[in-house]
Amino acid sequence: QVQLVESGGGLVQPGGSLRLSCAASGFTFSSAGMSWYRQAPGKQRELVASSTSSGFTTYVDSVKGRFTISRDNAKNTVYLQMNSLKPEDTAVYYCYAGIGSWGKGTLVTVSS
């Protein structure tokens with residue numbers, strides 16, 4: 001059974017940092033592309049960052065230079081390091097595995 005469990009969300013002030021984690025199980029993690037999506041209130045879900053199985057990464061323009069996706073294949077975990085957070089980064093962040101599975105999400109709120 002495929003499981004993706006996100007953690008690390010919370011409330012942070014503008015300019016602060018958070019690191020999200022997504023623990024994966026039930027599939028061959030090292031062979032799967034992994035991504036982070038987010039959905040802000042009243043908006044469509046958008047792709048934030050992706051990592052291929054070989055570690056090639058891509059980002060949406062709005063987070064380039066601030067967010068970093070990384071993966072630890074030994075721990076079956078993908079991370080999203082978020083720095084210089086802005087109020088517009090407020091959203092539920094979802095982990096997605098390229099085999100077609102989603103996590104349940106973790107809420108990130110950026111507010112003073």
Side-chain angles (χ1 to χ4, degrees):
Q1 182 182 359
V2 174
Q3 283 194 317
L4 298 170
V5 180
E6 301 98 334
S7 60
L11 173 64
V12 63
Q13 292 187 341
S17 298
L18 283 176
R19 188 176 81 154
L20 306 183
S21 300
C22 172
S25 61
F27 63 100
T28 305
F29 179 83
S30 60
S31 298
M34 298 296 298
S35 300
W36 287 95
Y37 284 73
R38 67 185 179 187
Q39 187 165 18
K43 294 189 176 181
Q44 289 189 331
R45 192 172 296 190
E46 69 167 348
L47 176 62
V48 176
S50 291
S51 171
T52 67
S53 58
S54 59
F56 180 77
T57 58
T58 57
Y59 301 89
V60 68
D61 284 348
S62 59
V63 307
K64 284 181 180 177
R66 300 189 297 122
F67 290 11
T68 302
I69 186 171
S70 62
R71 58 193 299 159
D72 185 336
N73 289 339
K75 295 183 178 180
N76 286 0
T77 300
V78 62
Y79 304 97
L80 186 67
Q81 178 67 45
M82 305 186 295
N83 299 328
S84 302
L85 282 160
K86 304 175 180 180
E88 51 264 43
D89 295 317
T90 294
V92 178
Y93 284 72
Y94 297 91
C95 178
Y96 175 78
I99 60 170
S101 295
W102 292 91
K104 293 184 178 181
T106 185
L107 177 63
V108 172
T109 303
V110 185
S111 175
S112 55

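Heavy atoms only: backbone and side chains are in, while hydrogens, waters and symmetry mates are out.
- Under the rule for a side chain to side chain contact (heavy atoms under 4.5 Å, CB included), the partners of Thr28 that lie at least two apart in sequence or sit in another chain are Ser30, Ser31.
- By the salt bridge (Lys or Arg N to Asp or Glu O under 4.0 Å) test, Lys64 is found to be paired with Asp61, residues two or more places apart in sequence or in another chain being considered.
- Among pairs with a residue in residues 10-112, those fulfilling disulfide bond (SG atoms under 2.5 Å apart) read Cys22-Cys95, at least two apart in sequence or across chains.
- Residue pairs satisfying the salt bridge (charged side-chain N to carboxylate O under 4.0 Å, His left out) criterion with at least one member in residues 71-88, sequence neighbours excluded, are absent.
- Summarising the geometry, atom CZ belonging to Phe29 is positioned 10.5 Å from atom OG belonging to Ser53; distances are rounded to the nearest 0.5 Å.
- For the pair Pro41 and Thr90, the tightest heavy-atom approach, listed with the atom from each and the gap, is CD-O, 4.4 Å.
- Cluster annotation: Leu20 is not connected to Tyr37 through the hydrophobic network of ILVMFWY side chains, with a link wherever side-chain heavy atoms come within less than 4.5 Å.
- For the ring pair (Phe, Tyr, Trp, His ring centres under 6.0 Å) condition, no pair includes a residue of residues 54-86, sequence neighbours left out.
- Residues Tyr96 and Val78 fall into different hydrophobic clusters, defined by Ile, Leu, Val, Met, Phe, Trp and Tyr side chains chained together at heavy-atom separations under 4.5 Å.
- Rounded to the nearest 0.5 Å, atoms OH (Tyr94) and CG (Leu4) are 13.0 Å apart.
- Scanning for side-chain hydrogen bond (donor to acceptor under 3.5 Å, both in side chains) contacts around Ser70 gives an empty result, with sequence neighbours left out.
- With values rounded to the nearest 0.5 angstrom, Asn76 atom CG is found 9.0 Å from Met34 atom CE.
- Legend: residues meeting side-chain hydrogen bond (donor to acceptor under 3.5 Å, both in side chains) with Gln81, ordered by chain and number and at least two apart, are Asn83.
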Do any side-chain atoms of residues 99-112 form donor-acceptor pairs under 3.5 angstrom with protein atoms, and if so which ones, sequence neighbours left out?
| residue | atom | partner | partner atom | Å |
| --- | --- | --- | --- | --- |
| Thr106 | OG1 | Gly9 | N | 3.2 |

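- A chain of hydrophobic side-chain contacts below 4.5 Å, direct or via other Ile, Leu, Val, Met, Phe, Trp or Tyr residues, connects Met82 to Val60.
- Remark: Thr77 engages no residue in a side-chain hydrogen bond (donor to acceptor under 3.5 Å, both in side chains) (not counting sequence neighbours).
- We find the OH-CG distance between Tyr93 and Leu80 to be 7.5 Å, quoted to the nearest 0.5 Å.
- Note on Val2: it clusters hydrophobically with Trp36, by side-chain heavy-atom contacts below 4.5 Å among ILVMFWY residues.
- Within the structure, every pair that satisfies the salt bridge (charged side-chain N to carboxylate O under 4.0 Å, His left out) test and touches residues 16-41, not counting sequence neighbours, is listed here: Arg38-Glu46, Arg38-Asp89.
- Residue pairs that meet the disulfide bond (SG atoms under 2.5 Å apart) test with at least one member in residues 41-89, sequence neighbours left out, do not exist here.
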